[in-house]
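Remember, it's 1-based here, ligands and their atoms both numbered in the order they're listed. Quick note: numbers below take in every heavy atom, side chains included, and nothing from hydrogens, waters or symmetry partners.
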Amino acid sequence: MRVITVTDSNDLVLDTVPDPEPAEGEVLVRVAAAGVNRADLLQRAGHYPPPPGASDVIGLEVSGTVVALGAAVTGWQIGQEVCALLTGGGYAELVAVPAGQLLPVPAGLDLIDAAALPEAVCTAWANLVGTGGLRTGETVLIQGGSGGVGSIAVQLAVAVGARVLTTAGGAERAARCRELGADVAIDHRSDDVVAAVEEATKGRGVDVILDVLGAGGLEDNVRMLATGGRLVVIGTQKGRKGELDLGRLLTRRASVHAATLRARPLEEKAAIVADVLERAWPMLDDGRLRAVVHDRLPLAEAARAHELMDSGEVFGKLLLVP
Ligand SMILES: NC(=O)c1ccc[n+]([C@@H]2O[C@H](COP(=O)([O-])OP(=O)(O)OC[C@H]3O[C@@H](n4cnc5c(N)ncnc54)[C@H](OP(=O)(O)O)[C@@H]3O)[C@@H](O)[C@H]2O)c1
């Protein structure tokens, strides 16, 4: 099969490798499209190696068609259209996926666009509703509502019945976040985010923050938490090591969490996928949730996709089509 590999000089090239075989409990999927994630750029640069045993091919999510079943797989059929959360291997024509990480493509959703969903929906759902415990009537701040994960997180938080504040780089991107349902969208390039959140919440702060900034956003994020607030860090785009004001957490009985999806054991990923299927997937049927696709590019243009992502112009997801 054709696959994208990373050369010693960190270039992405189209290569040919033997087809993967589905192991016990796995399903072989012919890829219709692969979602591009920021983590892919980190892996390419050598900063986010695949967990032991995982494919070293980049790519954390795909959509496609089931073409073979490994031993002991039940509930999936050859020919079925699916999308899948991966630990790796997405930038390819074929990928073997643990059956517990498959999701059906909802009726009416384009098979290629379905590749934009698994990583973003599982990440946003597990961290907003799971770790963050976001409930109806609460206020949430989503840092980066314009991103692949963020554009889904905004919609999920709206669907949960939260009041949604978000940040994006530029007035136009902020306006697009409002179109996704955000009540308040703050331009982090020109506005004072802390002041804007203070104004929007009348000084109370927010109950949950979904954060992609990490260390560089830590002080402001902690400052914006309401009493009982939960900061959930899922990215370290502005650094890993920061200073935490524990005094502020103490007085507000607030908490800081950090979690990654990729490194979780198979059973935990399967449990997240099952929860997503039961509680978030129906939102795709009734229109509360939709894939946000910036563009589709041929798989062979993976390097251009990474350049585009680095340019900061992508809103939502880029997809690679083999
Ligand atoms: N922990 C996990 O399990 C997990 C899973 C998936 C992703 N992630 C992480 O989540 C992050 C987002 O991933 P992605 O694939 O969605 O990337 P993406 O599409 O590139 O999104 C990045 C987002 O960060 C925003 N951003 C950049 N600088 C900002 C700032 N100063 N203030 C507020 N927002 C800012 C961007 O907004 P503008 O472009 O509008 O400025 C954009 O919305 C990455 O760090 C990734 O590693 C974690």
Side-chain angles (χ1 to χ4, degrees), residues 34-45 47-48 51 58-61 85-88 90 115-128 130-132 141-154 156 165-178 180 182 185-194 196-197 209-221 224 232-240 257-264 268-269 272-273 276 291-295 305-319:
V36 178
N37 287 275
R38 186 147 292 269
D40 302 348
L41 280 66
L42 295 177
Q43 178 169 340
R44 173 186 177 182
H47 302 312
Y48 192 45
I58 294 176
L60 297 174
E61 60 189 343
L85 179 71
L86 308 176
T87 310
L117 294 170
E119 176 74 14
V121 179
C122 291
T123 299
W125 186 258
N127 289 289
L128 275 179
T131 308
L141 171 66
I142 291 156
Q143 292 280 22
S146 45
V149 174
S151 57
I152 292 292
V154 166
L156 287 177
L165 282 51
T166 192
T167 55
E172 195 196 325
R173 293 166 76 76
R176 291 190 65 183
C177 290
R178 283 189 283 274
L180 291 175
I186 305 157
D187 173 2
H188 68 73
R189 287 202 201 129
S190 60
D191 295 342
D192 179 336
V193 175
V194 176
V197 167
I209 300 178
L210 185 69
D211 176 65
V212 294
L213 304 174
L218 188 58
E219 191 182 340
D220 283 353
N221 279 332
M224 291 186 285
V232 186
V233 179
I234 61 163
T236 51
Q237 288 173 197
K238 288 178 114 185
R240 296 174 58 151
H257 308 253
T260 182
L261 187 55
R262 190 185 195 189
R264 292 185 194 234
E268 279 188 36
K269 281 188 197 154
I272 289 169
V273 169
V276 159
V292 183
V293 176
H294 181 86
D295 206 354
H306 284 198
E307 274 167 33
L308 269 173
M309 203 166 193
D310 246 352
S311 75
E313 286 164 27
V314 175
F315 189 100
K317 281 265 175 177
L318 280 174
L319 301 179

Asker: In a simple table, one pair per line, please give the protein and ligand 1 atom names for every N or O pair closer than 3.5 Å, along with the distance.
Answerer:
residue, atom, partner, partner atom, Å
ligand 1, 1 (N), I234, O, 3.0
ligand 1, 1 (N), A259, O, 2.7
ligand 1, 3 (O), L261, N, 2.7
ligand 1, 15 (O), R38, N, 3.0
ligand 1, 16 (O), G148, N, 3.1
ligand 1, 16 (O), V149, N, 2.8
ligand 1, 19 (O), G148, N, 2.8
ligand 1, 20 (O), R38, NE, 2.6
ligand 1, 20 (O), R38, NH2, 3.1
ligand 1, 24 (O), Q237, NE2, 3.1
ligand 1, 37 (O), S146, OG, 3.1
ligand 1, 39 (O), R173, NH2, 3.0
ligand 1, 40 (O), S146, OG, 2.6
ligand 1, 40 (O), G169, N, 2.7
ligand 1, 40 (O), R173, NE, 2.8
ligand 1, 40 (O), R173, NH2, 3.4
ligand 1, 41 (O), G169, N, 3.3
ligand 1, 41 (O), H188, NE2, 2.7
ligand 1, 43 (O), G144, O, 3.2
ligand 1, 43 (O), S146, OG, 2.8
ligand 1, 43 (O), G147, N, 2.9
ligand 1, 45 (O), Q237, OE1, 3.1

Asker: Looking at G217, is its backbone amide N or carbonyl O close enough to the side chain of D220 to form a donor-acceptor pair, meaning the two atoms are under 3.5 Å apart?
Answerer: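 Here the side-chain-to-backbone pair does not exist.
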
Asker: Holding to salt bridge (charged side-chain N to carboxylate O under 4.0 Å, His left out), I want the full list of residues that pass it with R178, two or more places apart in sequence or in another chain.
Answerer: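 Listed in chain order: nothing, the list is empty.
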
Asker: For H294, what residues pass the ring-ring contact (aromatic ring centres under 6.0 Å, His included) criterion, not counting sequence neighbours?
Answerer: none

Asker: Before giving the answer on side-chain contact (heavy atoms from CB on, under 4.5 Å), spell out for K238 and Q143 the whole-Å C-alpha distance, their side-chain angles and the decisive distance to 0.1 Å.
Answerer: CA-CA 12 Å; K238 288 178 114 185; Q143 292 280 22; over 6 Å; no

Asker: Nearest 0.5 Å, what's the OG1-CZ distance between T166 and R176?
Answerer: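 Answer rounded to 0.5 Å: 13.5 Å.
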
Asker: Just distance, no hydrogens or angles: give the donor-acceptor pairs under 3.5 Å from side chains in residues 307-315, sequence neighbours left out.
Answerer:
residue, atom, partner, partner atom, Å
S311, OG, L308, O, 2.5
S311, OG, E313, N, 3.2

